[in-house]
Every structure is written in C-alpha cells, then in structure tokens.
*Asks:* 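One structure is given below, represented as structure tokens, and several questions about it will come after.
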Amino acid sequence: MPAAASKSFATPDDLRTPPKATVAVVDLNGSAVARLTFEPGWRWSESMKPVAGTDTCQARHLGALASGTLHVLAADGTHMEVGPGSAYTIEPGHDAWVVGDEPVVAYEFVSPG
C-alpha cells in the first residue's frame, strides 16, 4: 500500500445522484471519503427513504460540514443542527434535512475496520 494517496472529487470512484443530492466518493487505500451536497429542500425521508426502504436512515455518519445547515432528528426524539465548520457523528435511526436556502456540503469518512 502506498504511504500517501490523494484523489479529486472532480473524478470520484463512485458518483450517486439521488433527488436533490450528489454523493461523490473517493477510495484512498481502502478508506472512503464522501463529499455530500444536498440542495435546499432535500430531506432524507423524502429523497432517500424510497431508495433505502427503511423508515429512518440506518447509516452511521462521521463527518464535517463545510457549508449550509443540516437539521437531524433521531428516532429517540433528539434534535440537532449542524452548521459550517462543525464536525459531527450521527448514529443510525434518524431523518435529516437542509435548513434554509443554502446547499449543505459535507465530507464524511469511513475507514476499514
């Protein structure tokens, strides 16, 4: 394995375009980094629920928000807003949506193990 790796989100290894969103994923020696872009009006329960087939998002998220504001509602009723410059973790069992008129741009990380 190389000692260092870099890839551009302009040419991702995987590109997904669900409604009102773009997910660009690069693989760096087995660790994935995703750039998520959610347009104003995006909501997980409207855009992703039909694809996922679950009532709430069942993924765990670890990332940092670069721009926009994301509101998260956990299945236990906990609410959280994430703004620019904030790091976050979101456990499975949640809905989320863009707050306001600015797109949300976030970077999420998944390491093997």
Side-chain angles (χ1 to χ4, degrees):
M1 175 181 319
S6 175
K7 288 188 179 176
S8 171
F9 286 105
T11 55
D13 295 306
D14 184 22
L15 181 64
R16 297 174 226 145
T17 55
K20 297 183 181 180
T22 303
V23 180
V25 181
V26 294
D27 182 286
L28 301 172
N29 300 329
S31 293
V33 181
R35 181 182 64 197
L36 313 172
T37 305
F38 302 134
E39 299 171 18
W42 177 89
R43 185 173 181 137
W44 186 92
S45 57
E46 296 170 2
S47 298
M48 301 303 300
K49 180 179 177 177
V51 176
T54 57
D55 287 335
T56 58
C57 179
Q58 296 302 302
R60 181 177 190 276
H61 303 277
L62 173 65
L65 205 78
S67 63
T69 302
L70 187 69
H71 189 94
V72 179
L73 172 60
D76 69 1
T78 304
H79 288 262
M80 171 178 77
E81 282 202 354
V82 183
S86 295
Y88 60 85
T89 183
I90 306 168
E91 297 301 327
H94 60 272
D95 192 6
W97 56 88
V98 173
V99 175
D101 296 328
E102 184 179 357
V104 164
V105 177
Y107 294 88
E108 293 194 350
F109 310 92
V110 179
S111 294

*Asks:* How many angstroms lie between atom CZ of Phe109 and atom OG1 of Thr89, to the nearest 0.5 angstrom?
*Replies:*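 Rounded to the nearest 0.5 Å, the CZ-OG1 separation comes to 12.0 Å.
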*Asks:* Check whether more than 12 heavy atoms from other residues, nucleotides or ligands sit under 6.0 Å from atom CG of Asp55, and answer yes or no.
*Replies:* no
*Asks:* So which residues get pulled into Val25's cluster when ILVMFWY side chains under 4.5 Å apart are joined, directly or through others?
*Replies:* Val23, Leu36, Phe38, Trp42, Trp44, Met48, Leu65, Leu70, Val72, Met80, Val82, Tyr88, Ile90, Val98, Val104
*Asks:* Would you mind listing every ring pair (Phe, Tyr, Trp, His ring centres under 6.0 Å) that reaches into residues 4-37, with sequence neighbours excluded?
*Replies:* Phe9-Tyr107
*Asks:* Within the structure provided, determine whether His61 and Glu91 are in side-chain contact (heavy-atom separation under 4.5 Å).
*Replies:* no
*Asks:* What's the spacing between His71 NE2 and Thr69 OG1 if we round to 0.5 Å?
*Replies:* 11.0 Å
*Asks:* If I compare all heavy atoms of Ala66 with all of Pro84, which pair ends up nearest, and what's the gap?
*Replies:* O-CB, 3.7 Å
*Asks:* Do other residues, nucleotides or ligands put more than 12 heavy atoms under 6.0 Å from the CG atom of Asn29?
*Replies:* yes
*Asks:* Side chains of Glu108 and Val33: does their closest heavy-atom pair fall under 4.5 Å?
*Replies:*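 The answer is no; the side chains never approach within 4.5 Å.
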*Asks:* Between Arg16 and Thr22, do the side chains contain a donor N or O and an acceptor N or O under 3.5 Å apart?
*Replies:* no
*Asks:* Would you please name every residue forming a salt bridge (Lys or Arg N to Asp or Glu O under 4.0 Å) with Asp27, sequence neighbours left out?
*Replies:*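 Testing Asp27 for salt bridge (Lys or Arg N to Asp or Glu O under 4.0 Å), a comparison that skips the adjacent residues, returns none.
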*Asks:* Would you say the side-chain atoms of Asp95 and Ser45 include a donor-acceptor pair closer than 3.5 Å?
*Replies:*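 Indeed, the side chains of Asp95 and Ser45 share at least one donor-acceptor pair under 3.5 Å.
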*Asks:* For the residue pair His94 and Ala59, what are the closest heavy atoms and their distance?
*Replies:* CE1-O, 3.3 Å
*Asks:* Given a cutoff of under 4.5 Å between side-chain heavy atoms of I, L, V, M, F, W and Y, with clusters grown through shared members, what are the other residues clustered with Val99?
*Replies:* Leu73, Trp97
*Asks:* Restricting to non-hydrogen atoms, name the atom on Lys20 and the atom on Ser47 that form the minimum distance, rounded to 0.1 Å.
*Replies:* CB-OG, 4.4 Å
*Asks:* Indicate whether any N or O donor in one side chain lies under 3.5 Å from an N or O acceptor in the other, for Gln58 and Thr56.
*Replies:* yes
*Asks:* For Thr78, check side chain to side chain donor-acceptor pair (under 3.5 Å) against everything at least two apart and list the hits.
*Replies:*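 Side chain to side chain donor-acceptor pair (under 3.5 Å) list for Thr78, sorted by chain: Asp76.
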*Asks:* Is any side-chain heavy atom of Pro103 closer than 4.5 Å to a side-chain heavy atom of Pro40?
*Replies:* yes
*Asks:* Considering residues at least two apart in sequence or located in another chain, which fulfil the side chain to side chain donor-acceptor pair (under 3.5 Å) criterion with Glu46?
*Replies:* none
